[in-house]
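Below are the structure tokens for one structure; questions will follow.
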Amino acid sequence: MKMLNPVFRRELITALRNRRTFMAVGAYVLFLLAMAAFMLYASIRLDFIEGFHPQITITIYNLLSGIQLALIILLVPAITAGQINGERERQTLDLMLVTKMSTFTIVVGKLLSSLMLVLLMIVASVPVFGAFVYFGAVSPAKLLEQTLFMLVTATMAGSVSILCSIVFKRAMVAYVFSYFVMLLLTTITAAVVGSIFNVLHTTHFNNMQLGGIFVPFILSLQWRELFTWLLALNPVVGFLSLQDAQSGTVSLDSFLTQFLFNFQDVRLTTQLPLWLVNIWINIGLSCVFVGLSSWLLMPARRLGKFSFS
């Protein structure tokens, strides 16, 4: 216990003595169990001739996984974006800075303590998802891959929120910008890719009509590489890629073709699955955001121009 980060150790002891932590984790696990039981019961009622079919467990597994990802995206900024602001409002931030702890230790401790509830929820939900291993919906290795993906995504969202909590003095502004960054990663990246593709597609066919010669539309390698890296930033696209690799019931190529590429077959350039690329990008972003937060939290930096109202 003494080897733990001192800030995290203090928050951990406080949280483990608080029954609300266990009530929140228990309520989340019961919610997942209730959702799984309801969907299983509904599937049996709808298909009353054949009754239960193990194939339906794959769909239920994918839906529950989507609920967990949505929880991470919505809950992590709400918990994390006020961590440094809270210390500043309680006038305890300066006391922490004059101790022997480095700013990196403070930032990491605050990040871990704010993610603790979400991480407990993710880990506690593993037995619920593990029940689908029995029905063959997912293998134990694939379940570990999903757990890793969720943990890395939660860490990235938390590091973004910690940075916003340091940059902006007001907690409400930090909350808004934290959700804006998550909105940027989850929806705007896909919207930008779809918009650019539509412009290129429309321009090509307008030029073809003026020239009178039919030329098939082929997206260049440079544009496909740009689209690949933009989509690799998106945790939702990474999640769909993960579900595609695990069960095969979610076709990422079909999703991109229908919603982004105007039913055109556009092959992305990466040889690795997008969910794995997304994990490495999120790890890199987390390191960058934590390092930048530690640098900005230094007293000499805080007194400068880097803090905004």
Pairwise side-chain contact, L274 with D244, heavy-atom cut-off 4.5 Å (strictly under): no

Is there a side-chain contact between T189 and L231 (heavy atoms, below 4.5 Å)? no

Within the 4.5 Å heavy-atom criterion, are F149 and F239 side-chain neighbours or not? yes

For a side-chain contact (heavy atoms from CB on, under 4.5 Å) check, start with the C-alpha distance between I67 and L64, then their side-chain angles and the critical distance, and finish with the verdict. CA-CA 5 Å; I67 292 174; L64 292 181; 4.2 Å; yes

Is there a donor-acceptor contact under 3.5 Å from the side chain of S165 to the main chain of N85? yes

Please say which of V123, L71, V76 ends up in a side chain to side chain contact (heavy atoms under 4.5 Å, CB included) with V118. V76

Do side-chain atoms of N278 reach the backbone of A232 as a donor and acceptor pair under 3.5 angstrom? yes

Could you work out, with salt bridge (charged side-chain N to carboxylate O under 4.0 Å, His left out) as the rule, every residue matching R20, not counting sequence neighbours? none

Test item: Y179 side-chain N/O and L74 main-chain N/O as donor-acceptor pair under 3.5 Å: yes

P77 backbone acceptor or donor facing T80 side chain under 3.5 Å: no

What residue among N198, V199, L200, V193 forms side chain to side chain contact (heavy atoms under 4.5 Å, CB included) with I196? L200

Using only atom types and a distance under 3.5 Å, with no angle test, would you say the side chain of S161 pairs donor to acceptor with the backbone of A157? yes

T228 side chain to R224 main-chain N or O, any donor-acceptor pair under 3.5 Å? yes

Validation row: T155, N282 side chains within 4.5 angstrom (heavy atoms): no

Which residues pass the salt bridge (charged side-chain N to carboxylate O under 4.0 Å, His left out) test with E87, not counting sequence neighbours? R10, R90, K110

Show the nearest heavy-atom pair for residues A174 and F168, with the distance to one decimal. N-CB, 4.2 Å

For residues 124-133, run the donor-acceptor check on the side chains, cut-off 3.5 Å, and write out each pair with its distance to 0.1 Å, sequence neighbours left out.
residue: S125; atom: OG; partner: Q68; partner atom: NE2; Å: 2.7
residue: S125; atom: OG; partner: M121; partner atom: O; Å: 3.2
residue: S125; atom: OG; partner: I122; partner atom: O; Å: 2.7

